[in-house]
**Student:** 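Sharing a structure with you now.
Every chain is numbered from 1 and lettered A, B, ... according to where its sequence line falls, protein lines coming before strand lines.
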Number of protein chains: 2
Amino acid sequence: MPKLVASDIATALKKRISSGEWIENGRIPPERDLASEFGVARNTMRRAVSFLEDDGTVVRHVGRGTFLTATNPASMAAVVGRMEGTSPADMMEIRQLLEPAAASFAATNASAMELNAVREAHRIASESQDMPTFEHWDAEFHHRIFACSRNEFLKEIHNLMRILRNQAPWFEMKKRSFSEERRSIYCSEHQAVLDALLRRDPESASQAMLAHLKTVQRNLLGR
Amino acid sequence: MPKLVASDIATALKKRISSGEWIENGRIPPERDLASEFGVARNTMRRAVSFLEDDGTVVRHVGRGTFLTATNPASMAAVVGRMEGTSPADMMEIRQLLEPAAASFAATNASAMELNAVREAHRIASESQDMPTFEHWDAEFHHRIFACSRNEFLKEIHNLMRILRNQAPWFEMKKRSFSEERRSIYCSEHQAVLDALLRRDPESASQAMLAHLKTVQRNLLGR
DNA sequence: TTTATCTGATCCAATATTGAGCCATTAGTA
DNA sequence: TACTAATGGCTCAATATTGGATCAGATAAA
């Protein structure tokens, strides 16, 4: 059994906060109390609370206590929280807006080294033997295309989507929809995208990506 | 029974990871624990985990533990943190991808009541006397269009952009670029978008929105 | 046999937790 | 005002946890 460490405690605290605990006066219990409640040294609890402080969930005042912040970081976290609840259908719709554009940007902006990284991800995915490995390098292929889009904001949106796709409702869906035949279709579609990137052809990169995403959408959600 | 070798264990681990195990705080158990759980020597488990590390599925830190890369709690916060640092230019580029689509969706999906809300925001913005009031209802106009796009994920991305636009670099920029003449241009462009929405014309709603965003981009960032 | 792998064990280096104590600031009270 | 209790900020030494690395022997497959 792994030991309960500060980061674990931090996520436990976040869970309790987002479940509405302590919201009444916005104040969370003293470190000493929390420490004894969790059966952990005060120093460890301090580190845990520091995580919350770092991401803006909480502010601390000497002599007064530790308080939930009602401002920006919280609303940001709320957005992310609601995103976790959005449907795969909605996200696939947005992917079809963003990823073709990313591919188009990549075709014009990518360095040779970055394109090599894309090609490498494609190669490993093609040669992978089991589904989890394929999944991983499939995701990596898409990620690396965003990475050479030269738009930081776009990259971060994709990071968000990637994290969300690694959670609850997607798991089942991906597992259900996977098959050897579909894998090989995905590979050849990836190849088409890669070819367009290597030809530095933004328009066909975009089209190839869109075609691929439509296939994925069909497989994941039916038509 | 065939002997459990490192690569078998690696795929078993991957399966457990992709089934959602350990995603909660992104930490997987210590090698020693996993080894005893799988009934295997620690060296073997180390080799197994090394496969995951090569994959990029996981990163290891001496003294801390082994962590999932794709989905750990910190990575979500990190994404949001990095977004705060992205440039207005990058974000404007993405707005031009998303908002025309949102307008298009709105034209086909909005209810009459929702369109009234959009019109109302436009009216108050047009009649506003001072810049902060105009800013507020301008933002509200865009927000309400997203609100009737019927895509929850898209709405949340816009919420994110809205929060970011209320922070540091944007404030100065908006103040600098504001003028009475530009305000009236924005208003007539909004009017064009609104008209297209009321005509239930997705194509021209999209085009009108794109035209508007290009104006905003030019005013904010120069050409 | 040869080769590769697993086992069991030991030590090392990096990091975390513990438990204790003291300080500075704040709030409440006599 | 002055005192007290509560609270977060901080340090320190001792201990524990964890991944990194190596080695000799056992086992199994080519």
**Student:** Going by side chain to side chain donor-acceptor pair (under 3.5 Å), name the residues that satisfy it together with D201(A), two or more places apart in sequence or in a different chain.
**Tutor:** S204(A)
**Student:** I need the CE-C1' distance between M45(A) and dG9(D), as an integer number of Å.
**Tutor:** 16 Å
**Student:** So, does D90(A) use its side chain to make a donor-acceptor pair with the main chain of E152(B) at under 3.5 Å?
**Tutor:** yes
**Student:** Between P30(A) and V62(B), which has a closest nucleotide on DNA chain D that is more 5'?
**Tutor:** P30(A)
**Student:** Please state whether the base of dG8(D) and the side chain of R32(A) form at least one donor-acceptor pair under 3.5 Å?
**Tutor:** yes
**Student:** Assess whether one donor atom and one acceptor atom, taken from the side chain of D33(B) and the base of dT17(D), lie less than 3.5 Å apart.
**Tutor:** no
**Student:** Does a side-chain heavy-atom distance below 4.5 Å link H122(B) with R144(B)?
**Tutor:** no
**Student:** Without decimals, in angstroms, what is the distance between R47(A) CZ and dT18(C) C1'?
**Tutor:** 12 Å
**Student:** Nearest heavy atom decides the nucleotide; on that basis, is N43(A) or R64(A) closer to the 5' end of DNA chain C?
**Tutor:** N43(A)
**Student:** Take the protein atom CZ of F67(A) and the nucleotide atom C1' of dG8(D), then report the distance between them rounded to whole Å.
**Tutor:** 11 Å
**Student:** Please classify the nucleic acid contact of R42(B) as base, sugar-phosphate, or nothing, using heavy-atom distances under 4.0 Å.
**Tutor:** base
**Student:** Report the distance from atom CD1 of I9(A) to atom C1' of dA16(C), rounded to the nearest whole Å.
**Tutor:** 12 Å
**Student:** Reading DNA chain C from 5' onward, which residue's closest nucleotide shows up sooner: G39(A) or S7(B)?
**Tutor:** S7(B)
**Student:** Between P on dC12(C) and CD on E31(B), what's the gap in Å once rounded to a whole number?
**Tutor:** 19 Å
**Student:** Quick one: side chain to side chain donor-acceptor pair (under 3.5 Å) partners of N43(A), sequence neighbours excluded?
**Tutor:** none
